[in-house]
Amino acid sequence: QVQLVESGGGLVQAGDSLSLSCAASGRTFDSFAMGWFRQAPGKEREFVAGISWSRTFTHYADSVKGRFTISGANAKNTVYLQMNNLKPEDTAVYYCAAGDAATTSTRIRYWGQGIQVTVSS
């Protein structure tokens, strides 16, 4: 069975750092773009960061640019999101995703279950 499993979420204070990991299993993901989306209560799911299938090119939402970094391990089935200088508005459920493109939700084929990130002021 295909699974994307996130880990590393939790409760932190504003200005702190947190690192999320996404481990994919059930099939090879070396031909899929991968990325992260998030959804805050009462809001739509939004794109956060993405990385190409080659793990060469990265893209970021304007709201996190300069603070978040997406990267892939040598094994292309694992992707990370390093989050620095966290703000209360970063509070959301974060979802790992894999698909034909990582920047648009309609092109995502697989979704993780989501993991909570809470940033207190």
Side-chain angles (χ1 to χ4, degrees):
Q1 55 187 22
V2 176
Q3 287 187 319
L4 300 178
V5 181
E6 304 96 336
S7 62
L11 173 63
V12 298
Q13 293 182 323
D16 285 352
S17 297
L18 200 62
S19 182
L20 303 181
S21 299
C22 175
S25 62
R27 64 163 296 163
T28 58
F29 283 81
D30 56 0
S31 63
F32 287 88
M34 300 188 72
W36 295 89
F37 291 74
R38 68 186 182 186
Q39 186 168 21
K43 298 183 179 180
E44 296 182 349
R45 187 172 299 185
E46 65 175 352
F47 166 76
V48 176
I51 189 167
S52 65
W53 72 268
S54 65
R55 307 297 183 259
T56 301
F57 306 101
T58 59
H59 304 275
Y60 299 93
D62 289 341
S63 59
V64 306
K65 193 172 298 182
R67 298 187 298 119
F68 290 11
T69 302
I70 187 171
S71 62
N74 290 333
K76 296 182 179 180
N77 63 335
T78 305
V79 176
Y80 307 95
L81 183 67
Q82 178 64 45
M83 303 182 291
N84 297 327
N85 191 25
L86 284 162
K87 303 176 180 180
E89 51 262 44
D90 294 319
T91 296
V93 175
Y94 283 71
Y95 297 89
C96 181
D100 300 323
T103 58
T104 304
S105 61
T106 56
R107 301 187 67 181
I108 297 298
R109 295 186 181 183
Y110 304 102
W111 293 94
Q113 78 285 355
I115 189 167
Q116 180 70 45
V117 172
T118 302
V119 184
S120 62
S121 60

Considering all heavy atoms, the nearest P88-A14 contact: CD-CB, 4.2 Å

Hphob cluster co-occupancy, F47 + V93, side-chain heavy atoms under 4.5 angstrom: yes

Spatial distance of atom SG (C96) from atom CD1 (I115) [nearest 0.5 Å]: 10.5 Å

Closest non-hydrogen atom pair, I51 against G72: CD1-N, 3.9 Å

Polar side-chain atom of R67 near backbone of N85 as donor-acceptor pair, under 3.5 Å: yes

Joint hydrophobic cluster, I70 plus W111, side-chain heavy atoms closer than 4.5 Å: no

Spacing of CZ belonging to R38 relative to CZ belonging to R45, to within rounding of 0.5 Å: 13.0 Å

Flag, side chain of Y95 to backbone of E6, donor-acceptor distance under 3.5 Å: no

Closest contact, heavy atoms only, V119 versus T91: N-OG1, 2.9 Å

Verify same cluster id: F37, L20 (apolar side-chain graph, 4.5 Å): no

side-chain hydrogen bond (donor to acceptor under 3.5 Å, both in side chains) evaluation trace for S54 with S52: CA-CA 5 Å; S54 65; S52 65; 3.1 Å; yes

Evaluation steps, salt bridge (charged side-chain N to carboxylate O under 4.0 Å, His left out), between K65 and D62: CA-CA 5 Å; K65 193 172 298 182; D62 289 341; 3.4 Å; yes

Q13, CD: over 12 other non-hydrogen atoms inside 6.0 angstrom: no

Test side-chain contact (heavy atoms from CB on, under 4.5 Å) applied to Y60 and T69, T103, V48, the passing residue: T69

OG1-CG distance between T78 and L4, expressed to the nearest 0.5 angstrom: 10.5 Å

Atom of A40, atom of A92 and distance for their closest heavy-atom approach: N-CB, 3.8 Å

M34 CE to R55 CZ distance, which is reported to the nearest 0.5 Å: 6.0 Å

Spacing of CZ belonging to F68 relative to OG1 belonging to T58, to within rounding of 0.5 Å: 14.0 Å

Same cluster (ILVMFWY, side-chain, under 4.5 Å), F29 and L81: yes

Spacing of M83 atom CE and S19 atom OG [to the nearest 0.5 Å]: 7.5 Å

Co-membership, hydrophobic cluster, residues L18 and V5, 4.5 Å side-chain: no

Cation-pi, F32 ring and R109 (6.0 angstrom, 45 degrees): no

